[in-house]
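Taking it in order: structure first as structure tokens, then the write-up.
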Amino acid sequence: MESQSLAILVIDENHLRAAIIEAGLRESGHDNVTVVNDIAGVARTIAAINPDVIVIDLENPNRDVLENMFQLSRAVQRPVAMFVDRADRASIEAAVEAGVSAYVVDGLKRERVKPILDMAIVRFNAFSRLSRELEEAKSELEDRKLIERAKGILMKSKGLSEEDAYALLRKTAMNQNRKIAEIAQSLVTAAGLLGEDK
Amino acid sequence: MSEYQITAGFMPLLDSALLVIAKEKGFAADEGVDLSLVRETSWANIRDRLAVGHFQVAHMLAPMPIACNLGLTPLASRTVAPMALGLGGNAVTVSNALWAEMEKHGARADLDPARAGAALKAVVAERGAAKRSLLRFAVVHPHSGHNYELRYWLAACGIDPDGDVEIVIVPPPLMADALGAGTIDGYCVGEPWSTAAVMAGRGRIATVKAAIWKGSPEKVLGAQAQWAENHPEALTALLGAIYRAALWCADPANREELAAILSRLAYVDRPADWMMPALSGQIGVGDGEIVQVEEFFVPLAKAATFPWKSHALWLYTQMVRWGQIKHDKANVAIARETYRPDIYRAALEPLGVALPGANAKVEGALKRATPVGSAGASLTLGPDGFFDGSLFDPDKIDDYIASQARRGV
């Protein structure tokens with residue numbers, strides 16, 4: 001099918017996110033996708049694959065370099081401009097919010113590009129959410145480990161049962177208006193200094 | 001209690017100082033402005049986020065609002081520049097290898113643009129005769145003071161910026177490394193990125209913006225035009241805050257604190273020592289040599305925050321010169337109206353700030369510091385000369401453009 005033969009280049013230093021975009025593109029039937037993580041040599045890549053669409057993440061410090069490259073006819077075979085559907089303000093905002101920009105070759109019809117950009121936006125947002133969730137999960141796991149250690153210290157040094165140790169931590173946290181994990185951290189640090197954290 | 005919420009984008013450069021200090025020393029808060037500063041990684045991001053409304057204002061390259069209004073940028077919304085963020089601040093740095101070649105042809109550690117340019121021309125000629133590759137210089141962006149002053153300097157010294165050398169775009173934090181690796185031979189950039197190369201022993205500063213064109217524009221406060229029109233009180237409050245920040249930055253007693261604040265992770269994230277040369281004018285040019293540069297970076301004096309229409313028009317003439325825009329009356333008007341001294345005057349006159357009598361001046365006409373008549377407090381302007389002695393009369397744009405075209409570059 002004609003619409004699947006677009007050559008797409010994804011430029012993203014984040015390997016994982018780039019892989020997620022690539023997967024989404026292939027799932028939508030785009031089999032001509034190239035991913036570049038490092039812009040060294042990108043001019044050659046662009047000359048070699050002659051992309052119709054180029055997707056770049058907004059955090060990329062090389063955006064200015066790349067935009068300049070797209071303007072020079074030496075580096076690209078056809079003029080490449082940022083995809084801006086002036087009638088679709090919401091789409092532009094969504095793209096910027098998601099952290100993605102798309103550049104398309106001059107003359108490429110809007111209808112062919114919009115699905116690609118929309119998919120990239122969805123995937124970028126999904127990646128952000130995943131990253132956030134991962135951070136939260138890691139943080140939660142670390143907190144739990146801390147609380148376990150703190151309970152152990154209290155059980156050993158004050159001869160408390162596990163439930164009583166936890167209750168003491170929770171009460172202290174409430175009295176000081178702090179999180180249980182913070183109290184646990186303080187206790188573990190103090191015990192370490194006092195040589196009791198065994 | 002904050003009446004106005006303003007989010008401003010900025011790039012990690014020394015000349016973000018006025019915005020940073022407006023926030024950090026409480027000047028914005030004093031004016032009722034809750035100022036959020038967002039650090040960006042590219043000028044494209046600053047432009048895009050301003051266009052979609054994430055930012056209401058931004059630290060911007062002086063030509064950028066003009067380029068946006070002329071339709072030269074991919075995503076743009078009408079942008080106005082009601083205030084400048086200081087003058088000067090850039091330097092041209094070359095690799096140690098290129099400096100060695102230039103020294104053989106008479107370059108000296110005095111930052112003199114004519115001498116350095118003549119030496120560079122001789123090097124270019126020698127390399128050409130020996131069929132060596134073209135020297136490659138980097139700038140931060142095609143619509144930047146850096147690009148235009150580098151080209152102006154090269155052309156005035158007889159070097160064709162598009163034929164005798166190559167000019168490429170490289171992000172500032174990567175420039176010193178690129179110089180060391182030999183992928184570029186020189187660059188023009190704002191501080192601290194020239195000092196970065198000197199500190200790392202990777203390059204030498206050949207000349208400075210303050211010598212190429214004294215008292216020249218570099219960064220402005222860009223404001224989204226629709227927002228500025230709908231929120232004049234907020235903008236007025238912000239301009240007042242930035243002016244007070246400029247006063248603070250201009251006081252030599254505050255230099256060390258300014259350097260320390262700029263060095264923070266949230267701002268430029270480089271050592272405070274790297275900020276001091278620009279602030280003190282004691283420029284380490286390489287190999288331990290120091291050159292004192294008057295007015296290397298000017299935060300306040302000489303109407304450094306005034307958005308001169310003559311500056312906007314000169315930048316426009318350089319866009320024309322280098323083929324970025326076609327010259328016609330409509331484009332001239334767009335460029336002229338991008339800079340808004342009327343907004344500046346309305347906001348700062350009530351504060352008793354020194355205001356120039358006119359909105360434009362003949363650039364290069366002031367050979368020395370000159371007290372000028374002004375509304376408000378006393379004001380000194382100049383010197384504002386181009387190193388080659390030319391003048392730019394903003395009322396004679398066609399002639400200026402024609403004269404630059406006639407010279408062949």
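Owing to the predicted nature of the structure, the values given are computational and were not obtained by experimental measurement. In the text below, chain A, chain B and the rest are named by the order of the sequence lines, each starting its count at 1.
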Checklist entry - So which bits of residues 219-227 of chain B come within less than 4.5 Å of chain A, counting non-hydrogen atoms only? => result none
Next on the checklist: Give the interface residues of residues 56-68 of chain A toward chain B, defined by a heavy-atom separation under 4.5 Å.
Outcome noted: A:L58, A:E59, A:N60, A:P61, A:N62, A:R63, A:D64, A:V65, A:E67, A:N68
Next on the checklist: Taking A:F124's backbone N and O only, do any of them form a donor-acceptor pair with A:S128's side chain (distance below 3.5 Å, no angle check)?
Outcome noted: yes
Next on the checklist: Taking the basic N atoms (NZ, or NE/NH1/NH2) and the acidic carboxylate oxygens, is any pair closer than 4.0 Å for A:R132 and A:E135?
Outcome noted: no
Item to check | Pair A:Y166, A:E148: side-chain N/O donor-acceptor within cut-off below 3.5 Å | outcome: no
Checklist entry - How many angstroms lie between atom CD1 of B:I334 and atom SG of B:C68, to the nearest 0.5 angstrom? => result 12.0 Å
Next on the checklist: Testing the 3.5 Å rule here: is there a donor-acceptor pair between the side chains of B:Y316 and B:H327?
Outcome noted: yes
Checklist entry - Taking NZ, NE, NH1 and NH2 as the nitrogens, is one of them in B:D328 or B:K326 under 4.0 Å from a carboxylate oxygen of the other? => result yes
Checklist entry - Do A:S186 and A:R178 meet the criterion of a side-chain donor-acceptor pair at a distance under 3.5 Å? => result yes
Checklist outcome for this item: Under 4.5 Å to a heavy atom of chain A? For B:V168 that would be neither
Checklist entry - According to the interplanar angle, ranging from 0 to 90°, do the rings of B:W193 and B:W274 count as parallel (below 30°), tilted (30 to 60°) or perpendicular (above 60°)? => result perpendicular
Next on the checklist: Using the ring centroid of each side chain, check whether B:F137 and B:Y187 are separated by less than 6.0 Å.
Outcome noted: no
Next on the checklist: Given 3.5 Å as the limit, does a donor-acceptor pair link the side chain of A:S157 with the main chain of A:I153, or not?
Outcome noted: yes
